[in-house]
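Being a predicted model, the structure only gives us computed values, none of them experimental.
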Amino acid sequence: MFTKKRLELIIEKPAMKRACRVLEDAGVKGYTIFPAMGGYGNSMRWQRGTDLSASRDMVMFICVFDADIITKVSAELENLFGSHIGVLSLSDVAVLRDDKF
Amino acid sequence: MFTKKRLELIIEKPAMKRACRVLEDAGVKGYTIFPAMGGYGNSMRWQRGTDLSASRDMVMFICVFDADIITKVSAELENLFGSHIGVLSLSDVAVLRDDKF
Amino acid sequence: MFTKKRLELIIEKPAMKRACRVLEDAGVKGYTIFPAMGGYGNSMRWQRGTDLSASRDMVMFICVFDADIITKVSAELENLFGSHIGVLSLSDVAVLRDDKF
Amino acid sequence: MSAELIFSTLLSPIVLFFVLGLGAALMRSQMTVPQSFAKGLAIYLMMAIGLKGGVEMSKTALTPEIFGIAAIALILSLGMPFLAYMMLRVTSKMSRIDAAATAGHYGSISIVTFVAATQALELAGIVTSGYMVAMAALMEVPAIMSALILARRGMKKSGEVAGSEKGELFREVFLNASVVVLVGALAIGWITGEAGMSKISPFFVTPFQGVLCLFLLDMGLNAGRGLRQGWRQLDIGALSFGITMPLIGAALTTAICYAMGLSVGDAALLITLAASASYIAVPAAMRLALPKAQPSIYLTLSLGVTFPFNLTLGIPLYIMLAQWAGG
Amino acid sequence: MSAELIFSTLLSPIVLFFVLGLGAALMRSQMTVPQSFAKGLAIYLMMAIGLKGGVEMSKTALTPEIFGIAAIALILSLGMPFLAYMMLRVTSKMSRIDAAATAGHYGSISIVTFVAATQALELAGIVTSGYMVAMAALMEVPAIMSALILARRGMKKSGEVAGSEKGELFREVFLNASVVVLVGALAIGWITGEAGMSKISPFFVTPFQGVLCLFLLDMGLNAGRGLRQGWRQLDIGALSFGITMPLIGAALTTAICYAMGLSVGDAALLITLAASASYIAVPAAMRLALPKAQPSIYLTLSLGVTFPFNLTLGIPLYIMLAQWAGG
Amino acid sequence: MSAELIFSTLLSPIVLFFVLGLGAALMRSQMTVPQSFAKGLAIYLMMAIGLKGGVEMSKTALTPEIFGIAAIALILSLGMPFLAYMMLRVTSKMSRIDAAATAGHYGSISIVTFVAATQALELAGIVTSGYMVAMAALMEVPAIMSALILARRGMKKSGEVAGSEKGELFREVFLNASVVVLVGALAIGWITGEAGMSKISPFFVTPFQGVLCLFLLDMGLNAGRGLRQGWRQLDIGALSFGITMPLIGAALTTAICYAMGLSVGDAALLITLAASASYIAVPAAMRLALPKAQPSIYLTLSLGVTFPFNLTLGIPLYIMLAQWAGG
Ligand SMILES: Nc1ncnc2c1ncn2[C@@H]1O[C@H](COP(=O)(O)O)[C@@H](O)[C@H]1O
Ligand SMILES: Nc1ncnc2c1ncn2[C@@H]1O[C@H](COP(=O)(O)O)[C@@H](O)[C@H]1O
Ligand SMILES: Nc1ncnc2c1ncn2[C@@H]1O[C@H](COP(=O)(O)O)[C@@H](O)[C@H]1O
Ligand code: NA
Ligand code: NA
Ligand code: NA
């Protein structure tokens, strides 16, 4: 098994494409996006489907990548969070195929 | 980077609002909820969309928070699992902004 | 608290039932599946809802289980990845109820 | 007459699409009707039924007879769970709490079964009253109370579930989608009457039966999957309850209709309501109020056994009972 | 006449279903119309409106008067945000950027409000022109520009947001669903004319009002939830802006319509457009262009305050204003 | 006649809405029709087609000619993949397995293309037979077998994929949504006949063309996105295959229709079926049966190239071929 970094990025849906570009430019080999259905932050609950503009929806990126590029990734994402709503966390994971990430 | 706790709470959807209140009362600053589409437990598979009452749907809470409140959170959640179906796991994650959590 | 393994398996939806059988045969007591809405891999982005066959959709399995069965699980999943598109990662998590997993 | 009735019901497009879905699910087809699409159709159907009933109610005065039927409907919804509970405890190995939750489903009603009965009656040329929709709405909720009484009887007083809030059960029970939409549309139909309805009937009346076909295809898939996943959890006593309970409810209600001298159409609908079991509103309420009752038991029974039975053999039978009671 | 107008608007099924949804949400009912189903209905409604407008435009020549109205529409969409911004800065404690984003919403329009006004006019037997749909389409986008000008005025030049791309804002603004579908359907209606329309009118024309009922039930739920979640964030100045701004926009436009001598129907629609506020296209654009503006502020105002006001009291009032201006 | 035919097809609302969606996607609009809504519409369309075909079949006896056409349909579905495979191996650099999977798509059919052809024929006043729907259903599956034969030829026998189960491929192929719904509705239409249909035709017949517009808007978006994402993966040989293969299939089938003396309408439909390629049922089966074949190749070709070609230029061409063969 090989140790990699797992990034979990919860960000507002309108900024999704921007996050895609940030991750791709930083050189990750892949990521997957999941739709959130609700949440809480800033003392307020939100729920998907209560406004048709979907401008308050959130999505989660899960991205497994090599520790090498971590500085590049986090610097750019910090910039993104300067403007957009979201949270980010990093952890260690084990994977089977080293060259895949 | 700062070390925080990451809670992953998979719980039946009818108990979603109760889990919201438990987490908010315990003092977490935010969480995000994701809809599950199927699963397995108790030797039985379930699949979303096979009953209109949605009473067997599950959701997942992801919540990043400070280790300080962990005892409060887990005590209350244990009570919740006394009645409702679900699983819970905790891990360590690194975050960029300490004060956000 | 007890330490368990957390498996995160992102796999193409057409292979979902196969992954279910692999995990069940390996002896896990439960798992939950989440629908992805998009992603990136192999220098290409994909997005749910752009083809009606849904043959490029991905799903994520989250499965918490005892470290005992890890060899069985990963051997079979490696076989699955020989044919199907996806990624897999493993990490350690803490749980409240030992016998549940 | 009766063979013809069974025949025409069984060979109506709505029943055939239901059977198609049921068959596909039992043969393990992976096909699905997207849940959100089906839920949208369900809201459409409830709006349509409510509006139709409301408009018809706006045409006639409220007679004492209506209040009489309403009283009977209430009593049936409240009372049948007690009967069902006793039956389950005697004939099956179900736990006290599972039996109580299941019993609640059989006091409440299935609006789709009600609609299918309306269609079958229309086909047979039998008239029904608009206020029967109000009876359906009236019977949804009281059974839940009875289930709670049954479940809490003799249970040691337990503490509150963490995170529960005063009023959440009330909202779940009285403000769930089917109550809001059905009662709301009934009121709107009543207020706007024939005039308001004329503009929207091309959407709510004309295509109604067709939408029902599509919806029943999905119900067939759901019923089949529910049965396939859940039947192993049920012993033979429980499984047969899914058919005997509707029959007992129907027999009881037939006697009442006979005593009250109800018209054939209204009697057939009241019998159908009594015989039908909830699979949307009550399961959702049970997860909140009695989370320890197992959903796979009550859903398998009401959706996988009773609903298919009622939709195919039940409805023609209930119409025949009503004809006998009314004749 | 006017009491009757208010009465018939308020008691029309579409308004009653809106009120049903609003009430259910305010009473904290958990019921929802699935988002994807509602979005599908929204696309249907925009196609239907566009087609209808296009077909009617295909029947008449483009007169100079039409270009005159178009010019007014453009000026209103561009200009009203400046007015709104000043009002907000004076009457509420909103930050510069929140005020700018909110102002943009009030220059743009709500297509559902427009449709509801069309229905009310039809009910009152007042004719309208097909090209008014084009005016609605025309007023969607320019207000966004004004909002950006307002927001960036005096802002220190900030760097690019990471990952942003040239053209993404342009695409969001000019190629969003409502622009694509509305303008596209308008063009298709124009090209195919009455002949092409005849085949598809059983889907796009006949059931239109009924679909609107279902859609407005959902809008009521959304508006109620928006209000319940967001009103605490707004001070009294902001909340009252949600009603005074439509009234000021309406008054201004009434004066213009009077000066131009517009027909009663067209005047009523132009006044309604001016008075309505966007809650789909503009919020989405604002998240990209002004991510620091708080969505809970502008959405609560436009969806939770202005939309319900317009749909119930606003529309009959605007029709009366138009009758006065045109009479 | 022919210029008129092309003109009227290209300017029909359904084609224009397709082009609208295609254009929006190519210009990178973010607009979408929610997947679950579109899937619901797809089920509706298949039910409607099946019912219509079934009802028409119930009116006439099964003649030997029908069995003759069925045999031809089967042979085309089974045989064309071999032809397609050879073409792909010669003209493009596609791997053996990708070529086999792609070939399977072109033996199977696109039901939406079939429906669009029906509409174009109706517009041109050319009659078609109800049993052609059965031919469409018949041609869906056999091509998948041929693809598997082609892919496994000369492949070293590999072990089972972990977790695979006997029967899963069978269920995916014979019990997928389009087979279940199309064949099921065909049977139901046959059983209930004109009488059963009359009640549901306000839903399944009258609004059909309008629903098709909405559905084709979504198909345009999908085709445009498929093309934009995937074309880089394809060499010029593969891309041109997406147009030459339909033409070859059409030519071949024209010859057969001429030899058999088929009516113009039926010939046009059979030619369209031969020329069309699957993008729902076959891709799903291929992910299970040949997971190593790349979906971006076969989906881009069938959905991004062949489908738009057929819908715009193909159908009028195939009708002309049929007129020539039948005249
Ligand atoms: N490193 C990764 N982290 C998360 N998801 C990934 C990663 N790589 C690939 N994926 C997902 O797996 C799919 C197929 O990737 P690939 O096998 O690279 O073609 C992608 O579209 C993503 O959804
Ligand atoms: N600690 C957290 N854990 C998980 N999700 C969070 C957390 N904080 C915020 N979120 C998500 O981010 C959204 C915006 O939060 P905020 O930036 O606090 O307004 C919330 O609605 C949640 O969906
Ligand atoms: N070990 C597990 N890992 C992930 N999800 C689980 C696990 N066990 C149970 N679940 C989820 O929780 C639901 C209820 O499980 P149970 O409590 O075992 O009946 C299952 O249907 C799964 O969706
Ligand atoms: Na009952
Ligand atoms: Na405005
Ligand atoms: Na073909």
Margin query: Please identify which of these residues, Ser278(F), Ser77(F), Ser178(F), meets the side-chain hydrogen bond (donor to acceptor under 3.5 Å, both in side chains) condition with Glu140(F).
Written below: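 Per the side-chain hydrogen bond (donor to acceptor under 3.5 Å, both in side chains) rule, the option paired with Glu140(F) is Ser178(F), out of Ser278(F), Ser77(F), Ser178(F).
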Note to self: If we define contacts as heavy-atom pairs under 4.5 Å, which of Leu41(F), Thr192(F), Ile200(F), Val179(F) has the most with chain D?
What the structure shows: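 Going by pairs under 4.5 Å, I would pick Ile200(F).
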Check: Would a distance-only check, ignoring hydrogens and angles, find a side-chain to backbone donor-acceptor pair under 3.5 Å from Ser296(D) to Gly230(D)?
Finding: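 A pair under 3.5 Å: no.
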Item checked: Closest heavy-atom pair and its distance - Arg287(F), Pro295(F) ->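 Scanning both residues, the minimum pair turns out to be NH1-CD, 3.5 Å.
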Item checked: Heavy-atom closest pair, residues Ala137(F) and Val183(F) ->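 Result for this residue pair: CB-CG2, 4.1 Å.
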Next item on the list: Sort out for me which of Pro202(F), Ala187(F), Gly167(F) touches chain D most, counting heavy-atom pairs under 4.5 Å.
Entry: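 Top count of heavy-atom pairs under 4.5 Å with chain D: Pro202(F).
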Notebook entry, point to check: From Leu221(D) CG over to Gln30(D) CD, what is the distance, rounded to the nearest 0.5 angstrom?
Noted result: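 Nearest 0.5 Å value for the CG-CD distance: 11.0 Å.
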Check: Which bit of Phe204(F) comes within less than 4.5 Å of chain D, counting heavy atoms only: side chain, backbone, both or neither?
Finding: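 Contact with chain D is through the side chain of Phe204(F) alone.
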Next item on the list: Against chain D, work out which of Glu165(F), Met197(F), Glu172(F) has the most heavy-atom pairs shorter than 4.5 Å and name it.
Entry: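 Counting heavy-atom pairs under 4.5 Å, the top option is Glu165(F).
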Notebook entry, point to check: Where on Ala185(F) is there a heavy atom nearer than 4.5 Å to chain D: the side chain, the backbone, both, or neither?
Noted result: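 It is both, since atoms from each part get that close.
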Next item on the list: Check whether Phe17(D) gets within reach of chain F through its side chain, its backbone, both or neither, counting any heavy atom under 4.5 Å.
Entry: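 Both parts, backbone and side chain.
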Item checked: Under 4.5 Å from a heavy atom of chain F, the part of Ser8(D) involved ->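 For Ser8(D), neither part sits under 4.5 Å from chain F.
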Next item on the list: Identify the heavy atoms of Gln209(D) and Ile14(D) that sit nearest to each other, and give their distance.
Entry: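 Scanning both residues completely, I find the closest heavy atoms to be O-CG2, 3.9 Å.
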Margin query: On a heavy-atom basis, which atom in Ser110(F) and which in Tyr279(F) lie closest, and how many Å separate them?
Written below: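 Where Ser110(F) meets Tyr279(F) most closely, the heavy atoms are OG-OH, 3.1 Å.
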Check: Based on non-hydrogen pairs under 4.5 Å, which of Gly184(F), Ser36(F), Ala284(F) is most in contact with chain D?
Finding: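 Of the candidates given, the most pairs with chain D belong to Ser36(F).
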Checklist line | Option that, when pairs with chain F are counted at under 4.5 Å, heavy atom only, ranks first among Gln35(D), Arg28(D), Gln119(D), Met31(D) | finding: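 Ranked by heavy-atom pairs under 4.5 Å with chain F, first place is Arg28(D).
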